[in-house]
Number of protein chains: 4
Amino acid sequence: MINFHVDRSSSVPAYAQLVRQVREALRIGTLRPGDQLPTVRSVVTSCTVNPTTVLKAYRELELSGLVEARQGAGTFVSGTLGHADPHVMARLRGSLARWLGQAREAGLEDEDVQALLASVIGENAALRNKEGAA
Amino acid sequence: MINFHVDRSSSVPAYAQLVRQVREALRIGTLRPGDQLPTVRSVVTSCTVNPTTVLKAYRELELSGLVEARQGAGTFVSGTLGHADPHVMARLRGSLARWLGQAREAGLEDEDVQALLASVIGENAALRNKEGAA
Amino acid sequence: MINFHVDRSSSVPAYAQLVRQVREALRIGTLRPGDQLPTVRSVVTSCTVNPTTVLKAYRELELSGLVEARQGAGTFVSGTLGHADPHVMARLRGSLARWLGQAREAGLEDEDVQALLASVIGENAALRNKEGAA
Amino acid sequence: MINFHVDRSSSVPAYAQLVRQVREALRIGTLRPGDQLPTVRSVVTSCTVNPTTVLKAYRELELSGLVEARQGAGTFVSGTLGHADPHVMARLRGSLARWLGQAREAGLEDEDVQALLASVIGENAALRNKEGAA
DNA sequence: GTGGTCTAGACCACG
DNA sequence: GTGGTCTAGACCACG
């Protein structure tokens, strides 16, 4: 079962952090259709947030068709995100982990690594736009 | 000069997006001490945000010692973030770009890629915590 | 609870006056960790300022670690300033009050008294600098 | 001749800092009618401010009748503030300096001392208001 | 022309 | 009800 964590000092709203964590888990396959999400009550105690915050996150996930609340039973994953082959995913994950190891050895911090990926993705998008226009 | 963009549909507040973009540019070396940030008014027109939103972002950067506002003159980078050797940074960027190429070929979307990195970073941190405790 | 007052004719910005009053209250022990600050809305009505002005003050105090805003709950003192023994503080306060009485009898106004203290502090600092250099 | 200093990190505008310093010097007798203020040019270089900032301060002092600009000659003190006997003033200054010595020994910082005076003055004012009303 | 303060007021996040 | 973000826009401080 997914293990939520909420960073109160972040400028991202708490409910959005929960939504993002579910989406990420769906992307990397940690969460699959049929899996149960933590109960609202358990998130309230583990993350010290208000029930309405959790409800807002779950409602947003439900509206995008990713989860389904079953009265009295709990909230369950009902959709998927990303469709890559799990084996390919595992391979890519491995090579990315190796890359991260090198980055760490070179002294890069988490924020450096994230900035680098953001930059490479952005550059990539710019390139494709150009090609698309050409 | 850095080129801001604000995604209004994001749950990340506009001012926080600006802050993050400056921090990322400092991380990857696109922005260096002495460089001028866009004037408040230019960001207002280019990103169609309110002056106070830009000022809030610039003020937060100033309080963390990264930029310096000189009244009547502009806002200038005055600090650094991340201290990796630019050559090493360039090499790592290159290998990450190649990895991204493979990921794209395998059908991964931006959100997949970001989720993967977040997951690998998290796993890595957990490992190091364990080692630290041992 | 601290009672703010804002002097609109002062050249000190309203938000800075609020910040200063909190800092002074922390110094003299009127405000202690755990105490709640007035709600943003109550300051708005009592001092007839704008919510953003109060928020700016509270945010600055929060960034310097002196208070903590809990959304939906209020803003609370979370830090301290000055560490003098309350008893010593009370004694010094008493002798200063007596001194002020004499000053008033001699016809000194508030501004005279403040100027005198500023001057004595400055002289004192100059002396210590000299000693430090010697 | 008065020696200006401008704290750029203060929230008090630069021009207001200059005005305040002249007023304080008049209060404590450091500056007397007939004394010359520094030339605009010299303040510009010593405090690295813009000529217009100095001019604004001098103009404000002139409007309140405290100084007089003589074309081609300079700016001169033409008024007074506070009317205490210099000998009394010197005596009060001495006792305040002794009090400050005790405060310093007790570990109080500048900000503590200023907060204490502000508090004692405020209390005093409250008392007099009550008496006035009675 | 550049940054900074502030108002009046809408609307959101959270408890 | 509490803090937080944001807009539209006036006006000030400074170079």
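All values reported here derive from a predicted model rather than from experimental measurement. The chains referred to below are lettered A, B, ... by the order of the sequence lines, with proteins before strands, and numbering in each begins at 1.
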- Are the side chain of D:T53 and the backbone of D:V49 linked by a donor-acceptor contact shorter than 3.5 Å? no
- Message: For C:E109, is there any backbone N or O sitting under 3.5 Å from a side-chain donor or acceptor partner on C:D112?
- Response: yes
May I have the list of side-chain donor-acceptor pairs in residues 60-67 of chain B shorter than 3.5 Å, sequence neighbours left out?
residue	atom	partner	partner atom	Å
B:E60	OE1	C:R59	NH2	2.8
B:E62	OE2	B:A69	N	3.2
B:S64	OG	B:E60	O	3.2
B:S64	OG	B:L61	O	3.1

Show me the donor-acceptor pairs, under 3.5 Å and distance only, between side chains in residues 6-13 of chain B and residues at least two apart or in other chains.
residue	atom	partner	partner atom	Å
B:D7	OD1	B:S9	N	2.9
B:D7	OD1	B:S9	OG	2.8
B:R8	NH1	B:T48	O	3.2
B:S10	OG	B:V12	N	2.8

- Any side chain to side chain donor-acceptor pair (under 3.5 Å) pairs touching residues 14-23 of chain A, not counting sequence neighbours? A:R23-B:E111
- Query: Quick one: on DNA chain F, does C:T75 or D:P51 contact a more 5' nucleotide (nearest heavy atom)?
  - Reply: C:T75
- Query: When you list every nucleotide of DNA chain F with an atom under 4.0 Å from a heavy atom of chain B, which one comes first 5' to 3', and which comes last?
  - Reply: F:dT5 to F:dG15
- Item | Pairwise side-chain contact, A:Y58 with A:P38, heavy-atom cut-off 4.5 Å (strictly under) | yes
- Message: Between C:I2 and C:L37, is there a side-chain heavy-atom distance shorter than 4.5 Å?
- Response: yes
- Query: Which angle, to the nearest 10 degrees, lies between the helix axes at the two ends of the helix from E:dG1-F:dC14 to E:dC14-F:dG1, each defined by five pairs?
  - Reply: 20°
- Message: Taking side chain to side chain donor-acceptor pair (under 3.5 Å) as the definition, give me every residue that meets it alongside A:S119, ordered by chain and number, with sequence neighbours left out.
- Response: B:R93
- Task: Determine the contact category for D:Y15: base if any of its heavy atoms lies under 4.0 Å from a base atom, sugar-phosphate if only primed atoms, P, OP1 or OP2 are that close, otherwise nothing.
- Result: sugar-phosphate
